[in-house]
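One structure is given below, encoded as structure tokens.
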Amino acid sequence: MTPADYLAPYLPPRLEPVEAATAYAPANIALAKYWGKSDRVLNLPANGSLSISLGSHGSRTTIRAADADSITLNGVLAGEDSPLHRRTFVFIEHIRRGAPQPLAITSENTIPTAAGLASSASGFAALTRALNAYWQLDLPDAVLSALARIGSGSAARSLWHGFVKWDKGEQVDGSDSIAAPIVSDWQDLRIALLPIDSGAKKTTSGDGMNHTTATSPLYAAWPATAARDLATIETAIHTHDFTTLGATAEANALAMHATMLAARPALCYLHGASLDALHRLWQQRADGLEIYATIDAGPNIKILYQRCDEAAVRAAYPQAVFINPFVLAG
Ligand code: DP6
């Protein structure tokens, strides 16, 4: 099964564009991480995941007709041979299917670059919504999520605000490997992005997870651990239990990094400064400030805290970017 086979029933025989279409999607931070693929062609995950979207921090993308395909990110035109150009237009081709309709894509990232947060999740989610509007596809939410997932797994979750769960799914065509928002009135969670190094990483998440699944003797334990953590975090969201949510999210992230460290050769996204920051955070927690860390496929630390500790966290981390995920844009 290919993305084209999956999408065929949902796409019209002829693509009818509007003049221009713009869409916004928030970035997201996984509290229960996705790490490992069960199908690389459809980009199906080995485990489910759960995230919090970052509200007004994300990607705004506009599509219009052009003489040739181009993508401009934050005002910089990507070269035709760049990974960004290639990955974007391979993705678009799943819908365009050879139709002679070149596109000019412009995308702005509203997350400060210094925050060191990759934009592939919000980028592919905003692109998915913009394509849906540009070609008047009117795709149902489940298909939008599956389409965004094909672009980048974590993008499946970036289509919505708030807490979002991406089910692993069971179907071979990936039709049930989709994300959906979790209904919750809990608005106490806050996030601080602590930049350690905002330079480009050497190994993409996709390559990193493929290497880990292929070579790490610890990976076998990951899918079941991840499923348990996801269930624990989902319950903690419903019961407004920050202690369980934070402790489980931190343990989940470190378990994911442990699988990578055991890969052969080792894959280590953490820098010395990441570990120093973790030890400092653990000391602050021991001293009574209830904060937890989560870390994705990079050196930067994301700190989870509650609204009531806003002043203390700002004082402890003046260099961080502070995010209230429930302040929305779009
Ligand atoms: C560590 O979604 O970037 O951030 O599907 O290959 O594009 P691809 O991977 P990607 O991986 C995200 C990995 C993670 C955890 C997470 O966001 O769940």
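Order of listing sets the numbers, starting from 1, for every ligand and every atom in it.
At a threshold of 4.0 Å, the pair Lys202-Asp207 does not count as salt-bridged, since none of the basic side-chain nitrogens sits closer than that to a carboxylate oxygen. A salt bridge between Glu310 and Arg314 is present, with a side-chain N of the basic residue lying under 4.0 Å from a carboxylate O of the acidic one.
Side chains of Glu108 and Tyr24: no donor on one and acceptor on the other come within 3.5 Å. Between the side chains of Asn47 and Trp35, not a single donor N or O lies within less than 3.5 Å of an accepting N or O. Between Thr239 and Asp241, the side chains place no donor N or O within less than 3.5 Å of an acceptor N or O (distance only, hydrogens not considered). Looking at Ser49 and Arg157, their side chains do bring a donor and an acceptor atom within 3.5 Å of each other. Remark: the Trp160 side chain and the Ser53 side chain contain no N/O donor-acceptor pair separated by less than 3.5 Å. Remark: the Asn210 side chain and the Lys37 side chain contain no N/O donor-acceptor pair separated by less than 3.5 Å.
Set against the non-hydrogen atoms of Ala297, the atoms of ligand 1 under 4.0 Å away are 1 (C). Atoms of ligand 1 found under 4.0 Å from any heavy atom of Gly153, numbered from 1 in the order shown, are 2 (O), 5 (O), 7 (O), 8 (P). Ligand 1 places these atoms under 4.0 Å from at least one heavy atom of Arg87: 7 (O). Applying the 4.0 Å criterion to heavy atoms of Asn43 picks out, from ligand 1, the atoms 5 (O). Every atom of ligand 1 with a heavy atom of Gly206 under 4.0 Å away is listed here by number and element: 6 (O). Close approach to Ser154 involves these atoms of ligand 1, each under 4.0 Å from a residue heavy atom: 2 (O), 3 (O), 10 (P), 17 (O). Within the listing of ligand 1, atoms 15 (C), 18 (O) sit less than 4.0 angstrom from a heavy atom of Lys33.
Of the polar atoms of Ser152, at least one N or O is found under 3.5 Å from an N or O of ligand 1, judged by distance alone. Polar contact with ligand 1: present for Lys37 (N/O pair, distance under 3.5 Å).
Considering each of Met256, Met209, Arg157, the one bringing a non-hydrogen atom nearest atom 18 (O) of ligand 1 is Arg157.
Among all non-hydrogen protein atoms, the one lying nearest atom 4 (O) of ligand 1 is Asp296 OD1, 3.4 Å. Protein heavy atom at the shortest distance from atom 13 (C) of ligand 1 is Tyr34 O, 3.7 Å.
By the 4.0 Å heavy-atom criterion, Met260 is excluded from the residues contacting ligand 1.
Contact annotation for Ala30 and ligand 1: only side-chain heavy atoms (C-beta onward) come within less than 4.0 Å of the ligand. Neither the backbone nor the side chain of Ile29 has a heavy atom within less than 4.0 Å of ligand 1. Counting heavy atoms under 4.0 Å from ligand 1, residue Ser205 touches it through the side chain alone. At a 4.0 Å heavy-atom cut-off, ligand 1 does not touch Arg40 at all.
The neighbour count for Glu170 CD, taken as heavy atoms of other residues, nucleotides or ligands under 6.0 Å away, does not exceed 12. No more than 12 heavy atoms of other residues, nucleotides or ligands shown are found within 6.0 angstrom of CZ on Arg64.
Between His85 and Phe89, the ring-plane angle classifies as tilted under the 30° and 60° cut-offs.
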